[in-house]
Amino acid sequence: MPRPYFYVTTPIYYVNDQPHIGHAYTTILADVLARYHRALGEAVFFLTGVDEHGQKVQQAAEKRGVAPQAHCDEYALRFSRLWERLEIQYDDFLRTTQPRHINVVRAVLQRLYDQGDIYPADYAGWYSVAEERFITETEKDSGAFRDVRQLTERNWFFRMGKYQEQLIKYIEARADFIQPDSRRNEILGFLRQPLGDLCISRPKERLNWGIELPFAPEYVTYVWFDALLNYVTGPGYIADDRRFGQWWPASVHLIGKDILTTHSVYWSTMLFALGLPLPTTIFAHGWWLTGESKMSKSLGNVVNPLDLVDQYGVDPVRYYLTREMILGQDANFTLESFIKRFNSDLANDFGNLLNRVSGLIGKNFNGLVPASGELSEADQEIKAAADGLAQKVADAVAGFRIHEAIDETMLLVRLINRYVEKQAPWKVAKEDLTRAGTILYIATEGLRIAAFYLLPVMPQKANQVLEVLGAVGSAGEWGLLKPGTKLAAHEALFPRLEIAI
RNA sequence: CGCGGGGUGGAGCAGCCAGGUAGCUCACCAGGCUCAUAACCUGGGGGUCGUUCGUUCAAAUCGAACCCCCGCAACCA
């Protein structure tokens, strides 16, 4: 059922933002998914990028006295550097100021204009003089904005409303399109109200850092037609039909739940208008909370992912973020739960198992992987569990249950620890070295397979396990660990964190 | 009655769709082992599954009402 091509996206992040755990989480998630799908033998295209147009960039650049593009060049680096640090293996990093993207946006706008889906009208809304932008009804009511007044302005609109019925039918017919289910219901609820048209422009006198409307040079397009189209620019829409045909529609747009409407409604109707297929899945994940509230800059409770990474390493952070959050729900981030997770899963179970088997093989077999003899019933159990893992992981990943894919793998690790305990190879070795060898082969081979399935989550650490076992690059099938392989010397991979909290 | 999600041992979750001894991880207690990162393994304590009513031989699971928490309610990236 999985198609040979898997195309995953993150949102494009606003260059002006300080990269925070939310950005890091979405992107790590996309990377883990991409790596799992690559491991499952699929061709993968992983697109991320930055959104560089808009009022805030223009203002920030003016304030610093630099050209907007120079400002963007500088700020975009913060994201690409972070992704490098977080071991993000993306295939494309799109910037909305790139000519390839501007071409797509202009071509799309022209086409929709030609077919009558874009028209001029007055836009009336609440305008914040201080912020120099329109604000929402909710924002106005919050009282957080001063100098608010009604403003009417000539603008351009996209006929979004006319696609409402088509969209409702589309969503109702596809249980997998918007996930999780609760979000799907939310959008269907939203669509019970009449859907208006979408304002897509700003006059240049207010905002000139944007893509000019091809049919109205005194305007630039605002937000949606600029940002959302990145998903088709990446795989080569208009520019390269063959490549685009290969990757589009996207397998999954990973997004935060805050931009669900944008993607489910605006983007879908834009694609309808263009006659393009919709992405297979739009998946909205939850937020990391600290205590009660969303982690936000204004509350000063932002956890900088780089700090965590500097202190504990990339892989444990990737492991924690993907194991702890059930995709779609919110999760609590606390240092305490991070440390618990690290110690119980990574140090005690996974890392310690490596030390157990490598120590025993070192002592009893001069560090050479022993051969496997006749398999006992207990041995068969481990082999069966390891053999069954592939399907379990594949199912969990296909259903976006990353935490489950990880947990299934850790269950194998725990099973092996139990097996080693019961088989007691350190005792058996005194009477029957051949049998002890079989036990250790079984345990080590099981560990290798567990490490293989942890590679997408912990590309460095899981690979280190494979290095120790002389099995880098080996596949997930049973029996690929070669007897006679000299185990490499190693330190503890995940030294327990003995930190008072 | 705007729409939707949820309330399960100390914590975080599964189970609910296809009713039938309440499961997992962590924490706690006791024991075992001693290969290993005081790790690992075994056993145990702890839950009237938000409340009430109903359906049923039987309900965490189905239905109704109520209480509480959360999200959405659009042009905000």
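Computed from heavy atoms alone, side chains included, the values below leave out hydrogens, waters and symmetry copies. In what follows, chains carry the letters A, B, and so on, assigned in the order in which the sequence lines appear, proteins first and then strands, with residues in each chain numbered from 1.
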Whom does [N] pair with, Watson-Crick or G-U wobble, provided both distances fall under 3.5 Å?
{"N": "A30(B)", "answer": "U42(B)"}
{"N": "C49(B)", "answer": "none"}
{"N": "C17(B)", "answer": "none"}
{"N": "C3(B)", "answer": "G71(B)"}

Shortest side-chain distance from [X], nucleotide among [options]:
{"X": "E186(A)", "options": "C35(B), C26(B), G71(B)", "value": "G71(B)"}
{"X": "W426(A)", "options": "U34(B), C26(B), C76(B)", "value": "U34(B)"}
{"X": "Y266(A)", "options": "A77(B), U37(B), A74(B)", "value": "A74(B)"}
{"X": "S344(A)", "options": "C41(B), C76(B), C26(B)", "value": "C26(B)"}
{"X": "R192(A)", "options": "A74(B), C3(B), C41(B)", "value": "C3(B)"}
{"X": "R356(A)", "options": "A74(B), A36(B), A77(B)", "value": "A36(B)"}
{"X": "E421(A)", "options": "C76(B), U37(B), C35(B)", "value": "C35(B)"}
{"X": "A347(A)", "options": "C76(B), U37(B), G5(B)", "value": "U37(B)"}
{"X": "L360(A)", "options": "C35(B), A77(B), A74(B)", "value": "C35(B)"}
{"X": "N348(A)", "options": "A77(B), G71(B), C40(B)", "value": "C40(B)"}

Would you call the rings of [X] and [Y] parallel, tilted or perpendicular if under 30° counts as parallel and over 60° as perpendicular?
{"X": "F225(A)", "Y": "F158(A)", "result": "perpendicular"}
{"X": "W156(A)", "Y": "Y219(A)", "result": "perpendicular"}
{"X": "Y13(A)", "Y": "H23(A)", "result": "perpendicular"}
{"X": "W209(A)", "Y": "H53(A)", "result": "perpendicular"}

Phosphate-side-chain proximity, [X] and [N], N/O vs OP1/OP2 below 4.0 Å:
{"X": "K340(A)", "N": "G12(B)", "result": "no"}
{"X": "N185(A)", "N": "G5(B)", "result": "yes"}
{"X": "R183(A)", "N": "C70(B)", "result": "no"}

Looking for any heavy atom pair under 4.0 Å, which part of the strands does [X] touch: base, sugar-phosphate only, or nothing?
{"X": "L354(A)", "value": "nothing"}
{"X": "M410(A)", "value": "nothing"}
{"X": "D197(A)", "value": "base"}
{"X": "F494(A)", "value": "base"}
{"X": "P495(A)", "value": "base"}
{"X": "N352(A)", "value": "base"}
{"X": "R418(A)", "value": "sugar-phosphate"}
{"X": "K422(A)", "value": "nothing"}
{"X": "R202(A)", "value": "sugar-phosphate"}
{"X": "R414(A)", "value": "sugar-phosphate"}

Can you tell me how far P of C41(B) sits from CD1 of I416(A), to the nearest Å? 12 Å

Rounding to an integer number of Å, can you tell me how far Q193(A) CD sits from C3(B) P? 10 Å

Mind checking the [atom1] distance from [N] to [M]? Whole angstroms is fine.
{"N": "C33(B)", "M": "A38(B)", "atom1": "C1'", "answer": "13 Å"}
{"N": "C3(B)", "M": "A65(B)", "atom1": "P", "answer": "13 Å"}
{"N": "G46(B)", "M": "A27(B)", "atom1": "C1'", "answer": "12 Å"}
{"N": "C49(B)", "M": "A11(B)", "atom1": "P", "answer": "16 Å"}
{"N": "C28(B)", "M": "C35(B)", "atom1": "P", "answer": "25 Å"}
{"N": "C53(B)", "M": "C13(B)", "atom1": "C1'", "answer": "30 Å"}
{"N": "U55(B)", "M": "A60(B)", "atom1": "P", "answer": "16 Å"}
{"N": "G23(B)", "M": "U37(B)", "atom1": "C1'", "answer": "29 Å"}

Any N/O donor-acceptor pair, D258(A) side-chain to A77(B) base, under 3.5 Å: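 Side chain to base: no pair present.
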
Taking the side chain as everything from C-beta on, heavy atoms only, tell me whether L469(A) gets closer than 4.5 Å to L487(A). yes

Walk me through it: do Y312(A) and F342(A) pass the test ring pair (Phe, Tyr, Trp, His ring centres under 6.0 Å)? CA-CA 10 Å; Y312(A) 305 106; F342(A) 182 98; 7.2 Å; no

Assess whether a salt bridge exists between K257(A) and E186(A), defined as any Lys/Arg side-chain N lying under 4.0 Å from an Asp/Glu carboxylate O.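 Answer for the salt bridge query: no.
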
Ignoring hydrogens and geometry, is there a side-chain-to-backbone donor-acceptor pair from D117(A) to R159(A) under 3.5 Å?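 No; judged by distance alone, with no hydrogens or angles, the pair does not exist.
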
